[in-house]
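The structure appears right after this line, and notes come after that.
In this text, all values refer to a predicted model and were calculated from it rather than measured experimentally. Position 1 is the first residue of the sequence, and the numbers go up from there.
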Amino acid sequence: MAKKALITGLTGQDGSYLAEFLLAQGYQVCGMVRRSSSSSFDRISHFSNQIEVISGDLLDQFSLIDAIEQTQPDEIYNLASQSYVPLSWTQPALTAEYTALGVSRLLEAIRRCKPDTRFYQASSSEVFGQPDESPQTERTAFRPRNPYGVAKAYAHWMTVNYRQKYDLYACCGITYTHESPRRGAEFVFRKITRGAAQIKLGLLQELRLGNLEARRDWCHAQDVVKAMWLMLQQEHPGDYIIASGEVHSVRELVDCAFSYLGLDYQQFVKVDPAFYRPDEAVQLAGSIAKIQAELHWQPEYSFQRLVESMVDHDLKELSQVN
């Protein structure tokens, strides 16, 4: 009999790729969305007829209980949250409600309704904030520096505590920044690949960015969702860093994207202090030694392949529109 998975955050970048991946593994896939959600269903439109969409909200305990009782999932992947760091400063309480307390509600619903389900919690490298070591490992101290990171740290430790207290199969994947053509345009990686494509097509004259020396560990969302799945297939639950294991600067990203299109980024990119993050994380780089050794996971997308695939997508999309 096919396994059944319940995904929160179905319509997001990670949720859509995970749903596709699980369908390919022969799963029955259910996705939970807020009834009042204004989220676009574009990311799942090409396979929406293969999945079941149900109503639920991380703010509403009873809707989570109903969702689990209705679907009886073998696996639950919690990918829903308010995940845009700048917005977490303007809406800190709402970020906490969804990203932190929402996980408490979901864990409690699992404990009461289906304690044998396997649970994946999307943790984040933002829990490390300003780390005291680089690269970070699963044992690096949490020092979050924005409301989103604080909320993710709460969710992470609640998951660990429920695992220990109630013997739940519950895992946290500490994901580093991951990208894809389904990434929102407000995130810097997509802003750069799309901006380069717009300039190549004559649709934009310059691209304004913040700190070009900021460094990140970037990987592809498709690599990340495979790691999520692998975590729930093990005999015992555990927490793992999911990253590329490499660090690149925003300047390298810009150079790679523009050079791929035969452009000199220095002619088009302007640094604007307005785009600097006040809480700029320093050297967030993940060690993937544990997940490589224990789960035999390895990212398939190199940094260059990731950049070029997104530039290709944006160039094609913009060419069709214009």
Side-chain angles (χ1 to χ4, degrees), residues 11-14 16-17 39-40 42-43 81-91 95 124-126 146 148-149 175-224 243-244 246-282 284 301-322:
T11 59
Q13 169 187 251
D14 295 2
S16 63
Y17 277 120
S39 297
S40 169
D42 291 349
R43 294 186 180 101
S81 72
Q82 190 302 99
S83 58
Y84 189 47
V85 171
L87 185 61
S88 77
W89 282 111
T90 57
Q91 296 185 339
T95 299
S124 166
S125 60
E126 289 290 337
N146 56 62
Y148 172 71
T175 55
Y176 281 65
T177 310
H178 45 289
E179 310 292 336
S180 76
R182 299 179 191 174
R183 183 68 145 157
E186 70 272 20
F187 294 94
V188 68
F189 203 108
R190 186 75 193 281
K191 180 179 178 180
I192 289 167
T193 61
R194 193 169 183 81
Q198 287 173 310
I199 287 170
K200 180 68 174 179
L201 294 171
L203 304 173
L204 191 68
Q205 300 308 310
E206 68 173 26
L207 180 62
R208 305 184 76 82
L209 298 169
N211 183 10
L212 296 186
E213 308 313 319
R215 298 174 67 79
R216 291 283 184 276
D217 185 324
W218 280 294
C219 53
H220 198 295
Q222 286 182 300
D223 286 330
V224 169
S244 72
E246 300 178 358
V247 177
H248 297 273
S249 68
V250 175
R251 188 181 298 278
E252 288 178 79
L253 166 56
V254 170
D255 188 25
C256 186
F258 278 75
S259 296
Y260 182 55
L261 293 174
L263 301 172
D264 178 0
Y265 79 89
Q266 297 183 47
Q267 296 179 19
F268 304 101
V269 173
K270 308 298 180 187
V271 174
D272 186 343
F275 291 109
Y276 273 61
R277 272 171 57 168
D279 59 326
E280 186 63 65
V282 177
L284 281 178
Y301 277 80
S302 66
F303 175 72
Q304 183 173 345
R305 183 184 171 199
L306 171 60
V307 175
E308 292 178 359
S309 68
M310 289 181 62
V311 170
D312 282 339
H313 176 272
D314 286 328
L315 198 63
K316 181 180 178 180
E317 186 177 74
L318 289 164
S319 297
Q320 290 173 342
V321 171
N322 295 280

Determine whether a donor-acceptor pair (N or O, by modelled atom type, separation under 3.5 Å) exists between the side chain of [X] and the backbone of [Y].
| X | Y | answer |
| --- | --- | --- |
| Q13 | S180 | yes |
| K191 | R208 | yes |
| Q320 | E317 | no |
| N146 | S88 | no |

Step by step, would you call R190 with H313 a side-chain contact (heavy atoms from CB on, under 4.5 Å)? CA-CA 11 Å; R190 186 75 193 281; H313 176 272; 3.9 Å; yes

Tell me, do [X] and [Y] make a side-chain contact under 4.5 Å, heavy atoms counted?
| X | Y | result |
| --- | --- | --- |
| H220 | P181 | yes |
| I199 | L261 | no |
| N211 | V250 | no |
| S319 | L201 | yes |

Report the C-alpha distance between E179 and L306 in whole Å, list the side-chain angles of each, state the deciding distance to 0.1 Å, and finish with yes or no for side-chain contact (heavy atoms from CB on, under 4.5 Å). CA-CA 8 Å; E179 310 292 336; L306 171 60; 4.2 Å; yes

Between [atom1] of [X] and [atom2] of [Y], what distance do you get to the nearest 0.5 Å?
| X | Y | atom1 | atom2 | value |
| --- | --- | --- | --- | --- |
| I192 | F258 | CD1 | CZ | 8.0 Å |
| R43 | Y17 | CZ | OH | 9.5 Å |
| C256 | E308 | SG | CD | 5.5 Å |
| L204 | R194 | CG | CZ | 10.5 Å |
| M310 | R305 | CE | CZ | 13.5 Å |

Can you label the angle between the F303 ring and the H248 ring as parallel, tilted or perpendicular, going by 30° and 60°? parallel

Among pairs that include at least one residue of residues 180-217, which meet ring pair (Phe, Tyr, Trp, His ring centres under 6.0 Å), considering only residues two or more places apart or in two chains? Y84-F187, F189-W218

If you compare all heavy atoms of C219 against all heavy atoms of V224, which two are closest, and at what distance to 0.1 Å? SG-CG2, 3.6 Å

Minimal non-hydrogen separation, D217 against S244, with atom names: OD1-OG, 2.6 Å

All salt bridge (charged side-chain N to carboxylate O under 4.0 Å, His left out) counterparts of [X], not counting sequence neighbours:
| X | value |
| --- | --- |
| D14 | none |
| D312 | none |
| E186 | none |

For a side-chain contact (heavy atoms from CB on, under 4.5 Å) check, start with the C-alpha distance between Q198 and L318, then their side-chain angles and the critical distance, and finish with the verdict. CA-CA 7 Å; Q198 287 173 310; L318 289 164; 3.6 Å; yes

I'd like to know whether T177 forms a side-chain contact (heavy atoms from CB on, under 4.5 Å) with R183, so could you lay out the CA-CA distance, the side-chain angles of the two residues, the decisive distance to 0.1 Å, and finally the verdict. CA-CA 11 Å; T177 310; R183 183 68 145 157; 3.7 Å; yes

Do other residues, nucleotides or ligands put more than 12 heavy atoms under 6.0 Å from the CD atom of E213? yes

Is it true that atom CD of Q304 has more than 12 heavy atoms of other residues, nucleotides or ligands lying nearer than 6.0 Å? no

Sorted by chain and residue number, the side-chain hydrogen bond (donor to acceptor under 3.5 Å, both in side chains) partners of T95 (sequence neighbours excluded) come out as Q82

Enumerate, atom names and distances included, each donor-acceptor pair closer than 3.5 Å involving a side-chain atom of residues 263-270, sequence neighbours excluded.
unit_1 : atom_1 : unit_2 : atom_2 : d
D264   : OD1    : Q266   : N      : 3.1
Y265   : OH     : R251   : NH1    : 3.1

